[in-house]
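Report on the structure given below.
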2 protein chains.
Amino acid sequence: MNAGRTARDRARAELTAEIKDEARRQLGVYGADGLSLRAVARELGMVSSAIYRYFPSKDELLTALIVDAYRALGVAATAADQRLPERDLRGRWQAVCHAVRDWARANRHEYALIYGSPVPGYTAPEITIAEANKVPLVMVRVLRQAWAEGTLRPTRDSGVLSDGLAEQCRTLAEAVAPELPPEVLARAIVCWTQLFGMVSFELFGQLVGSVDPSDEFFAYAVDVLADLVGMPS
Amino acid sequence: MNAGRTARDRARAELTAEIKDEARRQLGVYGADGLSLRAVARELGMVSSAIYRYFPSKDELLTALIVDAYRALGVAATAADQRLPERDLRGRWQAVCHAVRDWARANRHEYALIYGSPVPGYTAPEITIAEANKVPLVMVRVLRQAWAEGTLRPTRDSGVLSDGLAEQCRTLAEAVAPELPPEVLARAIVCWTQLFGMVSFELFGQLVGSVDPSDEFFAYAVDVLADLVGMPS
DNA sequence: CCTCATTCGAGAGCACTGCTCTTGACTCGG
DNA sequence: CCGAGTCAAGAGCAGTGCTCTCGAATGAGG
């Protein structure tokens, strides 16, 4: 998709990418609000105002980085899923969870950007939420397959859905997995929030003092969650 | 503790409190890094440099607000626990969870301050972690009581602890609840991360598009968690 | 090939930030 | 009552995001 335009257009595309790369680099070093347009420009040998030819504001740059981060995380999760034999449903489910954690640990500032506290007055533009849905969709895909096989065996003893929640789950199911009963989806959402809750706690230092090197705890929790949602062992 | 000092000391204490109050107010309106020392000073009718007589840096002010936030959250959780009859263990457990969510929703910027992405280069000082432990301690207290009564009935089917994790849990137990077996503590930690994961997702807008008015989902999840940890019904 | 609108980088400048240093007043304990 | 300690104020530094203007490069239409 690079060939078909003028030299100016190609230069523009390249510079846009370079700006994002440098911004991402600074993000990794100094964190989310250590990012400075002027510093990015300086590093690229241009003047700060030139950046505005490519990104109309700092927020727009941030948004681009956010979208990229969501996409990268989605790719990582998808890859982890596909790396395993299709029949190994529990393995795939757990692999996705571990992929999320691994990616987050390897790109902590980008993770903080998308799952940390939202930046200043900035509200996530529409475009980001499509990318944000990638990880849950991968999880749902595994879930659907297990459901189709009839091997889903959720733990007992776990709460009944209120009418409103059941309705919400049914609406959600219509969009992504019509055949899944609300009970299954509700548990999946619990798993989803748990997954990111653990990763955030680990990365944001909330786990210090309890289960600090948290590899084993994470593996344990992922196992518990697989049981909760009923992944066959 | 106010009486016993000179007028200057009292003035100092008052001004310190006023600065914190105004900072907290601005935090609530503009969010964590919309907070400006100059703006605080302006609002208080003083000049920016005067603030430095009371807080040596912006980070120190932030730290003070963080400590206060942890304390307020701890107080809210404790109060919720004590509001219920001592025998209603499951109710108390769930009330603590709901109190955390309610406090977070009512003080979203303060919540973001303590459970969102850590600020710039800032690392949480020792002082904060003691306050941060309040909520888990309240949960552990309920857990110990249930354990003492022998009414704890965890769900089956849930993973075995690896050696390392069991060791971590035993170490942790020694500090807070020597009689609790590592299995119980591990599940409690899962609940703890789940609780804050849900609250963060809700407040940070990650739930939009799935279970958005999340009251019912939250109640459901809290119920599931109570089962997981084995709270008697 | 030439023209002219569009696009671009550079620079100056605005309003803001956190923070430091100095100066001249105020307060209070010995 | 006076000197040490504390205070608010102001100027100033280095940095920020962002806007505007001005020459120069570019490239599409005539």
- Message: Please pick, from C:dT17, D:dC18, C:dG9, the nucleotide with the shortest atom-to-atom distance to any side-chain atom of A:Leu15.
- Response: C:dG9

- Message: Could you check whether any side-chain N or O of A:Arg101 sits under 3.5 Å from a backbone N or O of A:Val199, counting only pairs where one atom can act as donor and the other as acceptor?
- Response: no

- Message: Between A:Arg12 and D:dT26, is there a contact of a side-chain N or O with OP1 or OP2 at under 4.0 Å?
- Response: no

- Rounded to the nearest 0.5 Å, what's the gap from OG1 on B:Thr193 to CZ on A:Phe218? Could you check? 10.0 Å

- Message: From CZ of B:Arg38 over to C1' of D:dA11, roughly how many Å is that when rounded to an integer?
- Response: 11 Å

- Pick base, sugar-phosphate or nothing for B:Leu35, based on heavy-atom distances below 4.0 Å to the nucleic acid. sugar-phosphate

- Do B:Ser200 and B:Tyr111 have a side chain donor and acceptor closer than 3.5 Å? yes

- Item | Selected nucleotide, minimal atom distance to B:Ala39 side chain, candidates C:dC8, C:dC19, C:dT17 | C:dT17

- Could you tell me the separation between the CZ atom of A:Arg10 and the P atom of C:dT7, rounded to a whole number of Å? 18 Å

- Once you round it to whole Å, what is the distance between P of D:dG10 and CG of B:Leu37? 18 Å

- Query: Just checking B:Leu61: base, sugar-phosphate only, or nothing, at a heavy-atom cut-off of under 4.0 Å?
  - Reply: nothing

- Side chain of A:Arg92, backbone of A:Ala80: donor and acceptor closer than 3.5 Å? no

- Task: Mind calculating the distance between NZ (A:Lys58) and C1' (C:dC16) to the nearest angstrom?
- Result: 13 Å

- Note on the structure: Sorted by number, residues from residues 46-57 of chain B placing a heavy atom under 4.0 Å from DNA chain D are B:Met46, B:Val47, B:Ser49, B:Ala50, B:Arg53, B:Tyr54

- Note on the structure: Atom CG of B:Asp59 and atom P of C:dT17 are separated, to the nearest Å, by 17 Å

- Result of checking A:Phe201, A:Phe217, A:Tyr220 against A:Val211 for side chain to side chain contact (heavy atoms under 4.5 Å, CB included): A:Phe217

- Query: CZ of B:Arg42 versus C1' of D:dG10: gap in Å, rounded?
  - Reply: 15 Å

- Backbone N or O of B:Trp103 within a donor-acceptor pair of the B:Asn107 side chain at under 3.5 Å? yes

- Item | Nucleotide C:dC8, atom P - distance to CD1 of A:Ile19 in whole Å | 11 Å

- Query: What distance separates A:Ile114 CD1 from A:His109 NE2, expressed to the nearest 0.5 Å?
  - Reply: 13.5 Å

- Spacing of A:Glu43 atom CD relative to D:dG15 atom C1', expressed in whole Å: 16 Å

